[in-house]
2 protein chains.
Amino acid sequence: MKPKIEDVAKVAGVSPTTVSRVLNNRGYIGESTRIKVHKAMEQLNYYPNEVARSLFIKKTFLIGLIFPTTSNPFYGQLIFHLENIAATLGYKVLLCNSQGREDKEKNYLNMLQRNQVDGIIAGAHNKGIEEYEMPNLPVVGVDRYLSSKIPVVSSDNYHGGKLATQLLVNKGCKNIIHINGPISLETPANLRRKAYEDIMRANQLTPLTYEIDDHFTIIKQLFEENPRVDGIFASDDLIASQVIREAKERNIDIPTDLKVIGYDGTETTRLLLPGLSTVQQPIKEIAEKAIELLVKQMDDKDDAIQLETIIPGKLIEGETTGG
Amino acid sequence: MKPKIEDVAKVAGVSPTTVSRVLNNRGYIGESTRIKVHKAMEQLNYYPNEVARSLFIKKTFLIGLIFPTTSNPFYGQLIFHLENIAATLGYKVLLCNSQGREDKEKNYLNMLQRNQVDGIIAGAHNKGIEEYEMPNLPVVGVDRYLSSKIPVVSSDNYHGGKLATQLLVNKGCKNIIHINGPISLETPANLRRKAYEDIMRANQLTPLTYEIDDHFTIIKQLFEENPRVDGIFASDDLIASQVIREAKERNIDIPTDLKVIGYDGTETTRLLLPGLSTVQQPIKEIAEKAIELLVKQMDDKDDAIQLETIIPGKLIEGETTGG
DNA sequence: AAAAACATGTCAACCGGTTGACATATGAAA
DNA sequence: TTTCATATGTCAACCGGTTGACATGTTTTT
């Protein structure tokens with residue numbers, strides 16, 4: 001059996017209370033006893049049972065993360081940072097891959113509450129999950145509006161969309177098409193589209209948006225339907241990459257005949273497609289802010305918190321827009 | 001305050017024991033009471049406290065995952081599958097990004113034990129962490145030898161290395177160079193190199209291996225030192241991508257003058273670099289096997305378990321080796 | 001010499017659920 | 001009619017650590 005405080009006490013020749021005092025640095029403890037206790041813990045290979053501790057102090061130092069999938073480089077990188085920052089603050093992270101499925105998301109939400117997490121950071125959201133409105137449980141959304149009361153952190157999507165579209169316009173593109181993720185989501189990322197449309201109109205150009213499907217077949221369709229397209233602003237780098245692929249197959253030269261810009265600029269895409277123009281999201285900063293907002297909610301419950309935090313991204317010009 | 005069993009009991013007009021019985025489906029419960037109890041739980045928004053439950057049943061249904069970083073597409077995808085499969089079995093996942101740092105890894109190991117995880121799956125390992133030898137705590141390694149007693153799951157790295165090297169040989173390459181990850185790690189992935197060397201020698205060719213550094217500067221050096229290189233087998237796709245980039249900069253045509261093959265074949269690399277030849281790892285199968293082995297250890301403690309599981313990968317021929 | 005600070009111990013309640021023992025009551029089967 | 005399966009209640013111990021109250025020393029300070 002795993003040793004408990006009582007066993008440590010016996011070996012150290014002190015009382016359980018004293019061991020607990022050493023563990024928590026409370027009250028008076030003599031240096032020699034402290035050493036005795038630590039020796040006993042080492043000898044027994046004792047690890048304090050955090051489950052018992054959590055039960056009593058009513059705090060688990062657990063944060064639930066709900067995102068579509070770590071497989072996606074953007075979420076993978078975001079989650080990496082979230083976990084990292086959480087760890088420096090003494091928090092642990094329960095990972096949930098919702099895969100964009102509402103049923104999974106609800107189950108995870110339920111599970112996290114049963115496991116008494118201290119807070120939740122979510123970037124997965126299927127419209128109309130009112131379950132996020134949980135009294136007494138701090139929640140922060142990342143790039144997703146979860147409810148009117150839940151703070152959201154996101155990059156400056158409007159500005160990013162503007163940067164991307166404007167770049168294509170500046171490069172002389174006339175038939176610029178935007179490819180969106182599923183627009184059913186209530187996400188600030190929709191502002192990228194809004195910006196695209198605004199910039200287009202401001203330049204007397206006609207906006208045209210395609211919504212991506214699971215298997216990127218929409219891209220073929222786009223080329224069929226718009227043979228004169230000369231600029232594509234994809235709402236993420238993976239889509240941009242598929243555009244490039246399709247263009248290659250059609251012998252459309254990038255950037256001469258077609259200019260492409262993506263969105264996200266994750267480490268992975270930077271490594272794998274260094275030539276891709278993109279709008280890089282401030283992933284680390286988003287993570288920092290999200291944790292900060294969550295911890296703030298946990299600490300001073302009813303303090304007013306910023307409902308929307310927007311962090312600027314960065315335009316990266318690559319070969320796909322003509323260098 | 002959060003409602004507890006007692007509160008539910010009061011609202012439902014039954015005893016706490018009855019509520020617990022409903023919750024756990026134990027003993028005799030009448031249909032009408034079951035309904036009453038469920039209604040009360042719903043009304044109160046009651047979530048059973050898993051922390052209290054875990055304490056008593058001495059099982060948390062938590063699995064610790066220690067990997068370098070979710071930011072890397074391989075680990076991101078692996079972790080996605082691990083979490084997914086774990087979830088279907090009722091297990092939750094505590095995520096740890098060790099970043100290849102020994103100190104972090106040790107801290108995580110410590111943390112996971114304090115949090116009473118039921119098992120650990122680790123793919124991060126700095127040589128000489130004997131801490132993995134934990135009595136009574138099931139551990140499974142993924143692509144890393146953790147200790148002589150801990151089961152490892154990996155793809156068939158020797159076979160993969162052979163496939164990759166043989167392909168380059170078959171395509172007529174004479175000066176084939178291998179680029180490795182840090183070889184200090186005790187990983188089955190080293191077998192890729194072994195296979196490379198064996199195949200080279202079997203074809204009367206001289207093997208030459210470079211070890212990658214953090215910033216890929218070694219790749220420039222490789223080209224400087226070996227102007228006649230005509231084939232490169234990179235031990236992962238990210239490295240392969242850097243090779244391609246460097247080749248482009250030097251106006252070396254791929255695949256005419258240089259053929260390149262990577263390793264991993266993650267979803268992300270398949271999307272971003274569809275043309276890259278690679279050896280695709282059976283990531284999902286690795287995850288499945290790892291969980292299976294872990295759960296087996298948890299269930300029948302002292303049952304003998306397979307110490308090494310090797311799952312075959314798949315060669316994907318792309319344009320970078322000449323189609 | 002008295003007061004204050006230091007050091008440790010004993011004891012019990014508590015966190016929220018689980019479980020076994022035991023009691024009681026009802027309706028159905030033998 | 002007796003027995004048994006069903007249905008629910010009461011009670012208390014337990015999981016492992018925390019904490020406050022209180023007691024009893026020993027040192028330091030004043």
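Side-chain atoms are counted along with the backbone in the values below, which use heavy atoms only and exclude waters and symmetry mates. Here is how names work: the chains are called A, B, and so on, in the same order as the sequence lines, proteins then strands, and each is numbered from 1. Computed from a predicted structure; not experimentally measured.
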Starting at atom [atom1] of [X], determine the distance to atom [atom2] of [N], rounded to an integer number of angstrom.
X         : N       : atom1 : atom2 : result
Arg114(B) : dG16(D) : CZ    : P     : 17 Å
Glu50(A)  : dC15(C) : CD    : P     : 19 Å
Ile5(A)   : dG9(C)  : CD1   : P     : 13 Å
Ile29(A)  : dA5(C)  : CD1   : P     : 18 Å
Leu23(A)  : dT19(D) : CG    : P     : 11 Å
Lys2(A)   : dG16(D) : NZ    : C1'   : 11 Å
Glu6(A)   : dT18(D) : CD    : P     : 14 Å
Leu55(B)  : dG17(D) : CG    : P     : 9 Å

Determine: side-chain N/O of [X] to OP1/OP2 of [N], distance under 4.0 Å, yes or no.
X        : N       : answer
Lys58(A) : dC14(C) : no
Tyr28(A) : dC6(C)  : yes
Ser20(A) : dT18(D) : yes
Asn49(B) : dC15(C) : no
Arg26(A) : dT19(D) : yes

**Item:** NZ or CZ of Lys59(B) within 45° of Phe61(B) ring axis and under 6.0 Å
**Value:** yes
**Heavy-atom pair of closest approach, residues Val51(A) and Thr60(B)** = CG2-CG2, 3.9 Å
Closest to the [X] side chain: [options]?
X        : options                  : value
Lys4(A)  : dT8(D), dG16(D), dG16(C) : dG16(D)
Ala52(A) : dG9(D), dG16(C), dG16(D) : dG16(D)
Phe56(A) : dC15(C), dT8(C), dG20(D) : dC15(C)
Thr17(B) : dT8(C), dT18(C), dT10(D) : dT10(D)

What's [X] touching, base or sugar-phosphate or nothing? Going by heavy atoms closer than 4.0 Å.
X        : result
Arg21(A) : base
Val14(B) : sugar-phosphate
Thr33(A) : sugar-phosphate

**Request:** Would you mind telling me which of Glu50(B), Lys92(B), Arg53(B) makes a side chain to side chain donor-acceptor pair (under 3.5 Å) with Asn115(A)?
**Result:** Lys92(B)
**Request:** Output, in order, the C-alpha distance, side-chain angles, deciding distance and verdict of side-chain contact (heavy atoms from CB on, under 4.5 Å) for Tyr46(B) and Leu23(B).
**Result:** CA-CA 11 Å; Tyr46(B) 171 77; Leu23(B) 239 25; 4.0 Å; yes
**Message:** Pick the closest DNA chain D nucleotide for Thr18(B) and for Asn24(A) by heavy atoms, then say which residue is nearer the 5' end.
**Reply:** Thr18(B)
**Message:** Between Ser98(B) (side chain only) and Lys104(B) (backbone N and O only), is there a donor and an acceptor less than 3.5 Å apart?
**Reply:** no
**Request:** Return yes if a side-chain donor-acceptor contact under 3.5 Å exists between Tyr145(B) and Glu308(B), otherwise no.
**Result:** yes
